[in-house]
There are 2 protein chains.
Amino acid sequence: MTKALKKQEIIDHAYELFYDHGFHATGVDKVMADTGISKRTLYKYFASKEDLIAELIGHYGERFLSTAPVEIARLSPDPAGRVMALFDFRKAMFDEGSFRGCFAISANLEYSGRDTPVQAASLKFFETFLNYIKSLCADGGYKDPDKLAGQVIVLFNGAVVASQASRSPAPFDAAKSVLAMLLAAAK
Amino acid sequence: MTKALKKQEIIDHAYELFYDHGFHATGVDKVMADTGISKRTLYKYFASKEDLIAELIGHYGERFLSTAPVEIARLSPDPAGRVMALFDFRKAMFDEGSFRGCFAISANLEYSGRDTPVQAASLKFFETFLNYIKSLCADGGYKDPDKLAGQVIVLFNGAVVASQASRSPAPFDAAKSVLAMLLAAAK
DNA sequence: CTCAATGTAAACAGATCGGTTTACTTTTAA
DNA sequence: TTAAAAGTAAACCGATCTGTTTACATTGAG
């Protein structure tokens, strides 16, 4: 097995464990056991637990960018409808139980207040995500797409967090009703 | 010192520690040492660490309800302006560095996916908070205050989380601009 | 004054934490 | 074939985790 594959294997297992059980609550021993590797190997690929988590956030971002745009374009062939489709996309994942909240938000809050690689990685993700929303707004032909994107991301984060906390996709409906107004005004 | 005072002392110290350093990252030993009590005393007042955290969420809610309405009424003598004043109230705390995110959201996310007293307590807080927003909407004379409150809380949570993650009050401005539209439409 | 309640300090339990290191085996590529 | 690279298992480090228990001191109300 090549280096890259081994590393990817660690990432895949660690990603699921941290996502499901939290960051401080999941020890590196669990990651080792789950992946089936020794501690030495783990620390050959990652300098520290926090560095591993930072890389996982990058992995989360890449996964999002490689799946969301395709699915969103499928949901709305019309570019103008894709901002709304972003919300439908996430809501659908909540409905089917495959969305467990935003990995980057969860990581950021759990390491909140400190300066760690985790903070840097999550801030980078937020920037990437905001840029994606900006592109959706611009391509949709909306006025002042940068300002609109800033409003949309707040709405989106609120829906994600509330859905995760309440284990219900209902907050997405409230968010979508606000978004509809926002989009109508920016048409 | 009476029972109630002793318990309150534990709560006060534990509240600060968990707020600043996170829940799993803060051990009960730290709470003991900081409060200046023995482990036996701690476990006399609280059955477990998770029960302690659940009570802290209740404490967070009480603290909010005993301070926010007063300050918000001061910020906006006109009831119609108090929904917006809620956002100004929190934004001001971010500006002065005294707001560290929502205690209940942080706790809920860190214990996400499991069924603990922490979940129950945070859900109860969200309900209390939503009811407060509903009362602000109703007293402000807005149409369909229950629906409006559901939209407002999503917006609010999004601003809180984004501010905490980015350590900037800027998301509150985006949220406020959306809220202004929302309130205008519900006038 | 006395006795029960409340507190303390500290040992103990068994487990886990992140991280390093040693000794040995397997794989892989020249 | 051989030597380097990469892997393993496991001991070790010092610290921490939640929670229980024991033995003793303080306190306060009747």
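Labels below follow one simple rule: chain letters A, B, ... track the order of the sequence lines, proteins then strands, and each chain is numbered from 1.
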* **Residue mapping more 5' on DNA chain C - nearest nucleotide basis, A:Asp29 or B:Leu42** =>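 It is B:Leu42, whose closest nucleotide lies nearer the 5' terminus.
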
* Contact nearer the 5' end of DNA chain C, comparing A:Ala25 with A:Arg40 -> A:Ala25

* Could you check which of D:dT8, C:dA9, D:dT20 has an atom nearest any side-chain atom of A:Thr41? =>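 Of D:dT8, C:dA9, D:dT20, D:dT8 is nearest to the side chain of A:Thr41.
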
* **Ring centroid separation A:Tyr15 to A:Phe103 under 6.0 Å** => yes

* Please work out if A:Lys39 contacts a base, only the sugar-phosphate, or nothing of the nucleic acid, heavy-atom cut-off 4.0 Å. => base

* Asked: Looking at B:Asp115 and A:Arg167, does any basic side-chain N land under 4.0 Å from a carboxylate oxygen?
  -> yes

* So does A:Glu16 pair up with A:Arg100, basic N to acidic O under 4.0 Å? ->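 Salt bridge present between A:Glu16 and A:Arg100.
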
Rounding to an integer number of Å, can you tell me how far [X] [atom1] sits from [N] [atom2]?
| X | N | atom1 | atom2 | result |
| --- | --- | --- | --- | --- |
| B:Met32 | C:dA10 | CE | P | 11 Å |
| B:Phe23 | D:dT18 | CZ | P | 13 Å |
| A:Lys44 | C:dG18 | NZ | P | 21 Å |
| B:His24 | C:dT16 | NE2 | P | 14 Å |
| A:His21 | C:dT16 | NE2 | C1' | 16 Å |

Please tabulate, for side-chain N and O atoms in residues 129-146 of chain A, each donor-acceptor pair with protein atoms closer than 3.5 Å (sequence neighbours left out).
| residue | atom | partner | partner atom | Å |
| --- | --- | --- | --- | --- |
| A:Asn131 | ND2 | A:Glu127 | O | 3.3 |
| A:Ser135 | OG | A:Tyr132 | O | 2.6 |
| A:Tyr142 | OH | A:Ala80 | O | 2.4 |

* For DNA chain C, which residues in residues 47-60 of chain B have a heavy atom at a distance below 4.0 Å? ->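 Those residues: none at all.
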
* Asked: Does any N or O in the side chain of A:Ser112 come within less than 3.5 Å of the main-chain N or O of A:Asn108, such that one atom is a donor and the other an acceptor?
  ->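 No; zero donor-acceptor contacts below 3.5 Å.
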
* Is any side-chain nitrogen or oxygen of A:Tyr45 closer than 4.0 Å to OP1 or OP2 of D:dG7? ->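 Answer yes for this pair, as a side-chain N or O of A:Tyr45 is under 4.0 Å from OP1 or OP2.
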
* Asked: Within 45 degrees of the axis of the six-membered ring of B:Phe172 and under 6.0 Å from its centre: does B:Arg90 put its NZ or CZ there?
  ->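 No, a cation-pi geometry is absent between B:Arg90 and B:Phe172.
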
